[in-house]
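The structure that follows is given in the form of structure tokens.
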Amino acid sequence: MVEESDVRVVRFGGSKINLRPPIISTDSRFVLCTSGDSVKVYSTRTEEWLHSLQGHTNQVTGIALNPANHLQVYSCSADGTVKLWDFIDGILIKTFIIGYPLFAIYVSEKHEGIVFLHIAMDTDSKKEGFQLVAVHLPKSAEQEVEAKELSAVSSHISPNPSCTAFGREGQYIAFARNLQLNVYFFRKQKTYSFSLKATDKKGAKNAFTCIACHPTDDCIATGHEDGKIRLWRNFIHKKEYTYSTQHWHHNAVNTLCFTPEGTNLLSGGIESVLVQWQYGTGNRKEFLPRLGGSILHVSASSDGQLFCTSHSDNKITVIESSFKVCGVIQGLVKGDAVLTDLMIDPRSKALVLNGKPGHLQFYSLLRDKHLYNLDIVQQEYIYEAGLDQFEVVKAAFDIKGYWLATVEERGQKSADLEFFLKLWSYDERTQSFVLNTTITAAHTDRIISMCFSSSEETTMLVTIAEDGQFKAWCQGVDDQNFWSCDFVGSYHNLKPTNCSFSADSSLLAVSFQEVITIWSPDTWELLTTLCQPPGVIRDLCFGRLSCSKYLISTTTRNLLCCWNLLTCAFLMDSFSGLYTVFVFKPNEPRPLFTHKNVCSEKIHRAVFVPREEPLNNCDESSQWLNRSQLYFLTQNMDLLTFSTATEEDRMLSSSTRLVIDDSVAVTPFYLLLGKHRQQQQKLNTPSHQAADRPQQPQGSVTITELLHTPAHVLPPASVLCSMFVSSLLISNTGEEDSEGEMEACDSQQELRVQGSVDEVTPKLSKAQERELKRVRKTDFSWMAGLIASKP
């Protein structure tokens, strides 16, 4: 059995990018967001992921730009550390060890060298409490520093970080919890509290949901559960405070954000509509609707040119100040549940699973990027709780990737159940799937499972349902685009649970509770039945390659059963263990690999993904990773996988080579400079090193120094201009010298040729010279007459 040290669990991708509000760099070129235990950096122009800031060992719970340096960012994590990064180059500058799990971070321009953190309170009550503390970051030359100076600002604050905000550039901090608003003034070191009633006469719900402070005025905006927005003023005087109410959202306000100038207030909620309120003009507002999932966070750039909204479907939308969407950064969509299981598209090798409601998402594992969504339901989804809407519950690909079968259903109760079976064909012109056939009454009850045949010659789809039947669907003979039912089967009125085709599609296995039936798809003859131990069969699968003669099944009693279909031999083993992964061969009951405590979260799904190029450098203990790689999905939509040390080193070296090119924005100057670098790399190859190179003009050296010298040490532009223009001029003396050098080179070349001819002429002996003279004196005139006489 393989030891755990040989193969390690690594986080590959996925993760939430909507856990905390994204932040925009000062120059509006980059968007930073939390993603699992790292911070991802995206380009606002190309929407491409540039690099990740990796170093935390637990979930990153907050990020904030360093007020003293706009090229640096703070990040806090549940591992109890605060890290300072250079997010342009992806370099870790310093790590501050706090020692407590951190849940949010705030910074202020007026509090240099201080960060404010959310930490949990030590309390014996069942209710979890949080407190806001100020941490003085010590100045030290060491990279890891322990921060011990913690001072409490307030206790019993809301666990929602959106309910805490700084005002007036750090003069005060406002935080709300339940029905109470608190304002703490740093100069006075006093806290003023303001309360609301739970409900009023109109039945309004007044609990606070979010908060934002005006950047220049003494004004605090608060959002509430009933969709109202209140603007609080005169809160400096505790007894003379006032507030005005604005109302548009029909449900809770999730987020509020003032623009840097304070002229507008942005709000968002479950309606997925971004609302822009003009500050100080009453109820004048603008709308940007249909942004996708419900809006969770809103943030603005420091120059006010860009806005960012994060959504419940794990998406970040980049919006211009003119209220025009200019970019979408889509992560792995977290639905209510992965009902379709994890699938691999045979054509694009993308991971396919449930996406946003009514869609299938195609996600690139190689690039850790969302490719596109396929609308299955083709109906507008209404974001309102309690509505019964269609959801995609089953999906399957054929072996070539030309056909896709989906099942969508609506209705929790069997009497109100409504479902459709759809078949989609791949269109080469549009490079996507197009609806081909819709079957409204495929079964009389809910479809449990379905699978395509493994044959490349004929395509067949088998569906099983709770009505006790399994049906085979085939394409028509006359019209290949028409799908019809070819066979209906059942077994003793038992309820089927799963189905699977063999590798060559010569056998079909259908499980009925505790019995496995083997059918011939050619004649639909029942070949044999296999009786399982007690326990309903849950999964069913045939082996592949050399193990194609084995049939594997699992039961509800954690039993793994293996049948040898040639000898009908039966093997059984029992597996148990929370968050444990077992890897084994079908013909060996003992696992090849066991890994306990894979992660702290619940594993929802797993899938083997074939490799494009098999690995050849694995040890014997990890040979099972050569042909394919195992990915598994956690409860928080994190994609984890197993990797060897050799593979990690190879991936690290490749990513290190690309880090510079990936971090540069794609501009016309970058494209020109990139071509120049590629040409230089070609000239630096061994095949070009031996060749004679023409001398580079002197101006190229000047340009190189100009481009690589930091801007703050360069002389004034007036001095550089004359030097730069002079370096581009070509003198006449240079041309004459070059012509003289070319003539000299030509004469030297002729001398070399003559010398080489003399050197290669062989010296003849005296006997050879006499023989040569005799041949010269011989008369060969008779050959001319012989040649002329031939026709």
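Quick note: numbers below take in every heavy atom, side chains included, and nothing from hydrogens, waters or symmetry partners. The model shown is predicted, which means the values in this text are computed figures rather than measured ones.
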*Within 6.0 Å of NZ in K188, more than 12 heavy atoms from elsewhere*: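 Result for NZ/K188: enclosed.
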*If you measure only the distance, is there a donor-acceptor pair under 3.5 Å linking the side chains of Q629 and T641?*
yes
*Run the salt-bridge test on K40 and D368 with the 4.0 Å N-O cut-off and return the result as yes or no.*
yes
*Got V135 and V82 here, is their nearest side-chain heavy-atom distance under 4.5 Å?*
no
_Quick check: F186 with H111 (ring centres under 6.0 Å apart)?_
yes
*To the nearest 0.5 Å, tell me how far E47 CD sits from I316 CD1.*
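So the gap between those two atoms works out to 11.5 Å.
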*Please lay out, stage by stage, how Y184 and Y192 fare under the test ring-ring contact (aromatic ring centres under 6.0 Å, His included).*
CA-CA 7 Å; Y184 177 80; Y192 293 166; over 10 Å; no
_Heavy-atom check, side chain of P138 versus side chain of F96, under 4.5 Å_ =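 A side-chain contact exists here, since the closest heavy-atom pair is under 4.5 Å.
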*Side-chain donor-acceptor pair under 3.5 Å between N182 and T191, yes or no?*
no
_Go through it in stages, so that I can follow the logic: the residues are M121 and S155, the test is side-chain contact (heavy atoms from CB on, under 4.5 Å), and I'd like the CA-CA distance, side-chain angles, deciding distance and then a yes or no._
CA-CA 8 Å; M121 295 179 59; S155 59; 3.9 Å; yes
*State, yes or no, whether a side-chain contact exists between C326 and L306 at a heavy-atom distance under 4.5 Å.*
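The answer is yes; the side chains approach within 4.5 Å.
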*asked:* Taking L102's backbone N and O only, do any of them form a donor-acceptor pair with T61's side chain (distance below 3.5 Å, no angle check)?
replied: yes
_Under the side-chain contact (heavy atoms from CB on, under 4.5 Å) test against W85, which residue among L32, L71, L53 passes?_
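Filter result, single survivor: L53.
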*So which heavy atom on T222 is nearest to which on L256, and how close?*
C-CD1, 3.5 Å
*For the side chain of Y106 and the backbone of P161, is there at least one donor-acceptor N/O pair under 3.5 Å apart?*
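Between the backbone of P161 and the side chain of Y106 there is a qualifying donor-acceptor contact (under 3.5 Å).
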*Output yes when a side-chain donor or acceptor of H214 lies under 3.5 Å from a complementary backbone atom of G262, and no otherwise.*
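Yes.
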*Proximity of F103 and F130 rings by center, below 6.0 Å*: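 Ring centroids of F103 and F130 are less than 6.0 Å from each other.
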_R611 (side chain) donor-acceptor with L625 (main chain) under 3.5 angstrom_ = yes
*Identify the heavy atoms of N314 and L332 that sit nearest to each other, and give their distance.*
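So the two residues come closest at ND2-O, 2.7 Å.
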*H311 and T309: CA distance, side-chain angles, deciding distance, side chain to side chain donor-acceptor pair (under 3.5 Å) verdict*: CA-CA 7 Å; H311 302 262; T309 58; 2.9 Å; yes
_Pairwise distance CD1(I93) to CG(N66) - rounded to 0.5 angstrom_ =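 Between atom CD1 of I93 and atom CG of N66 there are 8.0 Å.
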*Would you call the rings of Y172 and F185 parallel, tilted or perpendicular, where under 30° means parallel and over 60° means perpendicular?*
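Tilted: the ring planes of Y172 and F185 meet at 30° to 60°.
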_Within-4.5 Å side-chain heavy-atom neighbours: V607 and I344_ = yes
*For the rings on F166 and F116, is their centre-to-centre separation under 6.0 Å?*
yes
*Could you pull out all residues at least two apart from E48 that satisfy side chain to side chain donor-acceptor pair (under 3.5 Å)?*
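E48 satisfies side chain to side chain donor-acceptor pair (under 3.5 Å) with K369 only.
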*Are L65 and V107 close enough that some pair of their side-chain heavy atoms sits under 4.5 Å apart?*
no
*Got a second to check how far Q180's CD is from I157's CD1, nearest 0.5 Å?*
13.0 Å
*Sub-3.5 Å donor-acceptor pair from the side chain of R168 to the main-chain atoms of T216, do we have one?*
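Judged by distance alone, yes, a pair lies under 3.5 Å.
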*asked:* Angle between ring planes, W232 versus F208, binned at 30° and 60°: parallel, tilted or perpendicular?
replied: tilted
*asked:* Contact between Y631 and L365 at the side-chain level, heavy atoms closer than 4.5 Å - yes or no?
replied: yes
*Assess whether side chain to side chain donor-acceptor pair (under 3.5 Å) is satisfied between Q305 and S28, documenting all intermediate values.*
CA-CA 7 Å; Q305 297 299 317; S28 300; over 6 Å; no
*Contact check, side chains of L639 and L351, non-hydrogen atoms, under 4.5 Å*: yes
*Can you check side chain to side chain donor-acceptor pair (under 3.5 Å) on S158 and N160, steps first, answer last?*
CA-CA 5 Å; S158 172; N160 182 11; 5.3 Å; no
*asked:* Please give me the minimum heavy-atom distance between I220 and C213, naming the atom from each residue.
replied: CG1-SG, 4.2 Å
*Identify the two heavy atoms, one from A174 and one from I211, that lie closest to each other, and give their separation to 0.1 Å.*
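Distance-wise, the nearest heavy atoms are CB-CD1, 3.6 Å.
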*Is the backbone N or O of D313 less than 3.5 Å from a side-chain atom of Q330, with the two atoms forming a donor-acceptor pair by type?*
yes
*Can you measure from CG (L266) to SG (C308) and round to the nearest 0.5 angstrom?*
11.5 Å
_Distance in Å, S310 OG paired with I295 CD1, rounded so as to fall on 0.5 Å steps_ =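 Rounded to the nearest 0.5 Å, the OG-CD1 separation comes out at 9.0 Å.
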*Partner of D638 under side-chain hydrogen bond (donor to acceptor under 3.5 Å, both in side chains), chosen from K16, Q59, R11*: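 Exactly one pass, corresponding to R11.
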_So, using salt bridge (Lys or Arg N to Asp or Glu O under 4.0 Å) as the criterion, who are the partners of D79 when residues are at least two apart?_
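Counting only residues at least two positions away or on another chain, D79 forms no salt bridge (Lys or Arg N to Asp or Glu O under 4.0 Å).
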*Taking S25 for the side chain and F30 for the main chain, is one N or O donor matched with an acceptor at less than 3.5 Å?*
yes
*Would you say the ring centroid of F642 lies under 6.0 angstrom from that of F632?*
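Aromatic pair counts; centres sit under 6.0 Å.
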*Work out which heavy atom in I98 is nearest to a heavy atom in A147; give both atom names and the distance.*
CD1-CB, 3.8 Å
*Among T95, T34, T81, D37, whose side-chain hydrogen bond (donor to acceptor under 3.5 Å, both in side chains) with H56 holds?*
T81
*Could you tell me whether a side-chain N or O of S312 sits under 3.5 Å from a main-chain N or O of S294, the two making a donor and an acceptor?*
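At least one qualifying donor-acceptor pair exists.
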*Measure across S162 and T209 and return the closest heavy-atom pair with its distance rounded to 0.1 Å.*
CB-O, 4.4 Å
*Could you tell me how the ring of F608 sits relative to the ring of W624: parallel (under 30°), tilted (30 to 60°) or perpendicular (over 60°)?*
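It falls in the perpendicular class, over 60°.
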*Keeping the roles fixed (side chain from H51, backbone from F87), state whether a donor-acceptor pair exists under 3.5 Å.*
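Looks like yes, one N/O pair under 3.5 Å.
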*Check against side-chain contact (heavy atoms from CB on, under 4.5 Å), L640 and T634*: CA-CA 8 Å; L640 306 180; T634 64; 3.8 Å; yes
_With a 4.5 Å cut-off on side-chain heavy atoms, are L353 and Q361 touching?_
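Yes, at least one pair of side-chain atoms sits under 4.5 Å.
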*Donor-acceptor under 3.5 Å (S364 side chain, R367 main chain)*: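 Side chain of S364 to backbone of R367: a pair is present.
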_Spacing of CE belonging to M637 relative to CD belonging to Q635, to within rounding of 0.5 Å_ = 11.0 Å
